[in-house]
Number of protein chains: 2
Amino acid sequence: MNQRRPFQRAGEEARRSALIEATLDLIAEGGPQAATVRAIALRAGVTPGLIRHYFATKEDLVAAAHETLMTGLTEASAARLDDLPDDPLARLAGFVANAVSPPVTDPRAVSLWAASMQLVPRDAAMRKVHEATYLGFRNRLQRMIADALAAADRQDEDPRALAIAGNALLDGLWIEAGALPDHFKPDEMKSIAIKAFSRLLDLKLPEV
Amino acid sequence: MNQRRPFQRAGEEARRSALIEATLDLIAEGGPQAATVRAIALRAGVTPGLIRHYFATKEDLVAAAHETLMTGLTEASAARLDDLPDDPLARLAGFVANAVSPPVTDPRAVSLWAASMQLVPRDAAMRKVHEATYLGFRNRLQRMIADALAAADRQDEDPRALAIAGNALLDGLWIEAGALPDHFKPDEMKSIAIKAFSRLLDLKLPEV
DNA sequence: TGAGTAATTATACGCTTGCATAATTACTCA
DNA sequence: TGAGTAATTATGCAAGCGTATAATTACTCA
């Protein structure tokens, strides 16, 4: 047996995270087929056998990576809530503007999101993850919509239906902003989103 | 040399179509990794060497399949235009309703669409195809929006911005209707879409 | 009818893949 | 300090991958 490469042990959490991160990087760069066991291991700075130590199969690692991505997209929007104004209208406007602007709009994120979404109709576990994150985002939006309507003394609306529509609008704009980044003028999506939300809610949201 | 399997010749167009169709079927069923040369050939009822006769590489075949899919999604919506009423409001309402209802909403279509979309941020040729189909759909929607506004004597609007927003809304609803088919009540998406469009345009679209 | 041609089958190749297994070594703790 | 253990490296395996090539045969046309 020749010289082995020196190594340091790391905890399970750090290893799993590094492998998941490596997987996502490779998928983002070269599509799902780029995330081979050897490429993932190399990217994570370990050797291929280690993947099998922390995940039962490569497929499990890939599923964990997709789940991490989807959960992460939703959490990224939650993390920005603290930076928003307290006024319900301004808060909603800020949330909407953030959702369709860089750094939330991002070609890499769209590519990864799509790679995960192609699994959703075929894989019950992925569908469950997707549904949870979809609902998480939608419910957050629904609460903000309800708050904005309440502040305007509007009790005649269905916040759920508005959230479904608003969520869809944001998703659609986010996809195109990321997929065709050069197609739209700077801040065009933000302006369109704010105006569209103002119309949907029949409220005047402040420009951000 | 043993017994060869008997065969019939077919034209180039038929062969290419069969291979593309087989590719899409396999991707829809098992994701991109399921579309191997052998699986595609078997599904198309030919042997693997034939793929190389009609496409320079397997990758070219897969790209052709994705392009066919994207183009096909847009043409499916065009094919339904002739069934719509002539009245601009009713026509737009019909178009919107179709876009978020079966058979246009379809888990298989969402899965395939996502598989194609994951290429768009990374592959310039795919991005070009996507942009062309996106613009095709959006421009058609924009014309219908402009017609509806003109019929209501509304000259104070920006049909382009409304088309971008409306398109995004339809895309977002379409994705969720296909990805989570059991999450929404029958016709719920249709109702939400019509109401949302009525709001966006500040026009009363007829329920379909 | 028979020659010519190209569509198609059959087979093979080198390489890559995910997974399995054994050995080594970094670390903890008594 | 040294034993124990499990994290990690190294290596190998069988199967499958995309591509290449040769042979056969279905078809057209003179």
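Each chain gets a letter, A, B and so on, in the order its sequence line appears, and its residues count up from 1.
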**Q** For the base of C:dA10, is there a side-chain donor-acceptor partner from B:Arg5 under 3.5 Å away?
**A** no
**Q** How does DNA chain D read in dot-bracket, base by base from 5' to 3', with Watson-Crick or G-U pairs under 3.5 Å and | used when the partner is on another strand?
**A** ||||||||||||||||||||||||||||||
**Q** Going by atom type alone, with no hydrogens or angles, which donor-acceptor pairs under 3.5 Å involve a side-chain atom of residues 140-149 of chain A and a protein atom two or more places apart or on another chain?
**A**
none

**Q** Just how far, in rounded Å, is C1' of C:dT9 from CG of B:Leu42?
**A**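 To the nearest whole Å, that distance equals 14 Å.
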**Q** Measure the distance from CD1 on B:Ile51 to C1' on D:dC17 and round it to the nearest whole Å.
**A**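 Rounded to whole Å, this separation is 12 Å.
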**Q** Could you list the residues that satisfy side-chain hydrogen bond (donor to acceptor under 3.5 Å, both in side chains) with B:Glu29, not counting sequence neighbours?
**A**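 Expected list: B:Arg43.
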**Q** Polar pairs (N or O, both sides) under 3.5 Å between protein and nucleotides 27-30 of chain D?
**A**
from, atom 1, to, atom 2, distance (Å)
D:dC27, OP1, B:Arg9, N, 3.4

**Q** Less than 3.5 Å apart, which donor and acceptor atoms pair up between the side chains of residues 80-91 of chain A and the rest of the protein, not counting sequence neighbours?
**A**
from, atom 1, to, atom 2, distance (Å)
A:Asp87, OD2, A:Ala90, N, 3.0
A:Arg91, NH1, A:Leu84, O, 3.4
A:Arg91, NH1, A:Pro85, O, 3.2

**Q** Which residues satisfy the side chain to side chain contact (heavy atoms under 4.5 Å, CB included) test with A:Glu67, sequence neighbours excluded?
**A** A:Thr71, A:Val129
**Q** Sort and list the pairs that fulfil ring-ring contact (aromatic ring centres under 6.0 Å, His included) and have at least one residue in residues 66-108 of chain B, not counting sequence neighbours.
**A** B:Phe95-B:Phe137
**Q** Would you say B:His53 places a side-chain N or O within less than 4.0 Å of OP1 or OP2 belonging to C:dT8?
**A**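 No.
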**Q** For A:Arg122, check side-chain hydrogen bond (donor to acceptor under 3.5 Å, both in side chains) against everything at least two apart and list the hits.
**A**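 A:Arg122 satisfies side-chain hydrogen bond (donor to acceptor under 3.5 Å, both in side chains) with A:Gln118 only.
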**Q** Under a 4.0 Å threshold between the charged nitrogen and the carboxylate oxygen, would B:Arg108 count as salt-bridged to B:Asp25?
**A** yes
**Q** Just how far, in rounded Å, is C1' of D:dT9 from OH of A:Tyr54?
**A** 13 Å
**Q** For A:Arg38 and D:dT11, give me the distance from atom CZ to atom C1', rounded to whole Å.
**A**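 It is 11 Å, rounded to the nearest whole Å.
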**Q** Looking at B:Val46, B:Ile20, B:Ile27, B:Leu26, which hits side chain to side chain contact (heavy atoms under 4.5 Å, CB included) with B:Ile40?
**A**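 The passing option is B:Leu26.
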**Q** Return whichever of B:Pro48 or B:Pro6 has its heavy-atom-nearest nucleotide of DNA chain D closer to the 5' end.
**A**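 Mapping each residue to its closest nucleotide by heavy atoms, the 5'-most match is B:Pro48.
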**Q** Could you list the residues that satisfy ring-ring contact (aromatic ring centres under 6.0 Å, His included) with A:Tyr134, not counting sequence neighbours?
**A** B:His183
**Q** For B:Leu50 and C:dA6, what is the distance between atoms CG and P respectively, to the nearest whole Å?
**A**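 Roughly 15 Å, once rounded to whole Å.
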**Q** What is the distance, to the nearest angstrom, from the CG atom on B:Leu61 to the P atom on D:dC17?
**A** 15 Å
**Q** List the residues meeting ring-ring contact (aromatic ring centres under 6.0 Å, His included) with B:His53, not counting sequence neighbours, and say none if there are none.
**A**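 B:His53 satisfies ring-ring contact (aromatic ring centres under 6.0 Å, His included) with no other residue.
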**Q** Which residues, if any, of residues 10-36 of chain A bring a heavy atom under 4.0 Å of DNA chain D?
**A**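 Heavy-atom contacts with DNA chain D come from A:Ala10, A:Arg15.
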**Q** Give A:Phe55 one of three labels, base, sugar-phosphate or nothing, depending on what nucleic acid heavy atoms sit under 4.0 Å from its own.
**A** nothing
**Q** How many Å lie between CD on A:Gln3 and C1' on C:dA23, as a whole number?
**A** 15 Å
**Q** Checking B:Arg160 now: which residues fulfil salt bridge (charged side-chain N to carboxylate O under 4.0 Å, His left out) with it, not counting sequence neighbours?
**A**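 Per chain and number, B:Arg160 pairs via salt bridge (charged side-chain N to carboxylate O under 4.0 Å, His left out) with A:Glu188.
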